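Computed from a prediction, not measured in an experiment: that's the story for all the values here.
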Amino acid sequence: MEPRKDHRHVAAGPNPRTPKAFGRRPTAFVPHPPLISGGWYQRTDHEVDGPGRCPVRRPVEKSAKVALRLTLVFGPLGLCYLSTVGGLAAAAVGAATIAFGGVAMVAVIWPVAMVLALLALPRR
């Protein structure tokens, strides 16, 4: 009768066929920003401090007068006061409208930009 084989795992030694890595050590990833909890974005004025939490300042209130003045002077680019992406998108649409519709379309674009400025103001 044959002796029973031992099937337990034996630690393997270095294999000469294993490719070697000659690259540099990877750069370390920066950890995620601390968790934020409580405060103005949850409709309370109380900030909760604790490990991994940092207080967040309340965003600056946007003025309707300033928004209207900027859109009156700069047109669709004045919307950048309220929303940078929205202002640039409105300026691109305005430029395309002027390119295809002529300079007379400025009389339509400027008032539309002013109405959009009032609609984009945060509600209180």
Side-chain angles (χ1 to χ4, degrees):
M1 193 167 163
E2 268 180 52
R4 293 182 75 189
K5 290 185 181 178
D6 188 10
H7 292 287
R8 287 181 280 179
H9 179 69
V10 178
N15 187 345
R17 292 179 287 174
T18 303
K20 302 270 189 259
F22 296 106
R24 291 182 18 187
R25 184 180 215 176
T27 58
F29 289 101
V30 179
H32 64 81
L35 302 174
I36 300 171
S37 176
W40 57 266
Y41 47 87
Q42 291 184 356
R43 302 187 199 287
T44 65
D45 284 329
H46 175 68
E47 282 289 337
V48 179
D49 291 330
R53 296 179 180 164
C54 61
V56 177
R57 287 182 281 147
R58 181 180 296 277
V60 179
E61 294 291 328
K62 305 290 182 169
S63 168
K65 290 179 184 177
V66 173
L68 283 174
R69 286 180 190 152
L70 288 173
T71 53
L72 179 64
V73 173
F74 297 111
L77 274 178
L79 290 172
C80 287
Y81 169 70
L82 300 170
S83 167
T84 306
V85 174
L88 294 176
V93 168
T97 305
I98 291 172
F100 291 115
V103 179
M105 294 303 289
V106 171
V108 175
I109 295 170
W110 246 250
V112 169
M114 294 178 74
V115 169
L116 286 174
L118 289 177
L119 293 176
L121 281 171
R123 302 284 179 226
R124 295 179 192 193

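In this structure, Ala120 and Leu82 approach most closely via the heavy-atom pair CB-CD1, 3.8 Å. Scanning both residues, Leu77 and Ala91, for their nearest heavy atoms gives CD2-CB, 3.8 Å. Considering all non-hydrogen atoms of both residues, Gly86 and Ser83 come closest at N-OG, 3.1 Å.
The side chain to side chain contact (heavy atoms under 4.5 Å, CB included) test with Ile98 is passed by exactly one of Val93, Val106, Val108: Val106. Partner Met114 forms a side chain to side chain contact (heavy atoms under 4.5 Å, CB included) with one of Ile109, Leu79, Thr71, Leu119 and no other, that one being Thr71.
Between Pro76 and Trp110, the closest side-chain pair of non-hydrogen atoms falls below 4.5 Å.
Around atom OH of Tyr81, more than 12 heavy atoms belonging to other residues, nucleotides or ligands sit under 6.0 Å away.
The hydrophobic cluster containing Val103 does not contain Phe100, counting ILVMFWY residues as joined when their side-chain heavy atoms lie under 4.5 angstrom apart, directly or transitively. Under the 4.5 Å side-chain contact rule for hydrophobic residues, Val85 and Phe74 do not share a cluster.
Atom NZ of Lys65 and atom CG of Leu70 lie 14.0 Å apart (nearest 0.5 Å).
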